[in-house]
Amino acid sequence: GVQTCALPICLLSYTLNRTVTFATERSHAEAGWRFAVVMAIGFTLTGFFMWLFVKQLAWHEMLSRMLSTAIVFFWNYAAHKLWTFAEGKT
């Protein structure tokens, strides 16, 4: 199911972000756990925004999903750029 695909997709995402998007030299020991933290926060934010938009504001589910995805997309990019893959010790 979904769980079977999650790990390979996360590994691919980490590898592409590390080598292509941010082209960092930050060690795996530093970047790996940061990547996991950012992804966990992103997952939590998605759930929060879906709850807020659908359950609290009664917005259409598809609109809520699109808006949640966009917000978390920008969160992930900014967090990875400024923290996960940023050069040097931060």
Side-chain angles (χ1 to χ4, degrees):
V2 172
Q3 294 83 0
T4 306
C5 295
L7 182 60
I9 289 171
C10 282
L11 291 173
L12 177 62
S13 177
Y14 173 81
T15 301
L16 290 174
N17 275 307
R18 179 181 171 75
T19 59
V20 178
T21 306
F22 301 108
T24 186
E25 295 295 322
R26 177 164 261 180
S27 73
H28 292 295
E30 290 180 359
W33 69 269
R34 291 170 188 245
F35 183 84
V37 168
V38 170
M39 297 308 284
I41 293 170
F43 180 78
T44 303
L45 286 172
T46 299
F48 169 75
F49 286 122
M50 286 300 293
W51 169 82
L52 177 66
F53 298 151
V54 174
K55 300 293 184 185
Q56 301 304 306
L57 301 176
W59 290 2
H60 189 275
E61 186 174 346
M62 187 56 68
L63 172 64
S64 299
R65 189 172 310 278
M66 290 175 6
L67 186 56
S68 296
T69 299
I71 292 168
V72 173
F73 173 84
F74 287 107
W75 152 257
N76 283 340
Y77 181 84
H80 288 318
K81 179 175 180 59
L82 299 172
W83 188 59
T84 304
F85 298 112
E87 293 299 328
K89 302 227 183 240
T90 56

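All values below come from the heavy atoms of this structure, side chains included, with hydrogens, waters and symmetry mates left out. Just so we're clear, the structure is a prediction, and the values are computed from it rather than from any experiment.
- Using the six-membered ring where Trp is involved, His80 and Phe35 have ring planes that are parallel, under 30° apart on the 30 and 60° scheme.
- The ring-ring contact (aromatic ring centres under 6.0 Å, His included) search around Phe73 returns none, not counting sequence neighbours.
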Using atom types as modelled, flag every donor-acceptor pair under 3.5 Å from a side chain in residues 45-62 to any protein atom, sequence neighbours excluded.
unit_1, atom_1, unit_2, atom_2, d
Thr46, OG1, Gly42, O, 3.0
His60, ND1, Met62, N, 3.0
Glu61, OE2, Arg65, NH2, 2.6

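- With values rounded to the nearest 0.5 angstrom, Cys10 atom SG is found 11.0 Å from Asn17 atom CG.
- Follow the hydrophobic side-chain contacts under 4.5 Å out from Leu67 and you never reach Phe43; the two are in separate clusters.
- Separation of atoms OG1 (Thr24) and NZ (Lys81) is listed at 10.5 Å; rounding is to 0.5 Å.
- Within the 3.5 Å criterion, the main-chain N or O of Leu11 finds a donor-acceptor partner in the side chain of Thr15.
- Taken together through direct or relayed side-chain contacts under 4.5 Å among Ile, Leu, Val, Met, Phe, Trp and Tyr, Leu16 and Phe22 form parts of separate hydrophobic clusters.
- Scanning both residues, Arg18 and Ala31, for their nearest heavy atoms gives NH1-CB, 4.2 Å.
- Residues meeting the ring-ring contact (aromatic ring centres under 6.0 Å, His included) test with Trp75, sequence neighbours left out: none.
- We find the CH2-CZ distance between Trp83 and Arg26 to be 8.5 Å, quoted to the nearest 0.5 Å.
- Note that the OH atom of Tyr77 and the OG1 atom of Thr84 stand 12.0 Å from one another [nearest 0.5 Å].
- Atoms OH and CE, on Tyr14 and Met39 in that order, are 13.0 Å from each other to the nearest 0.5 Å.
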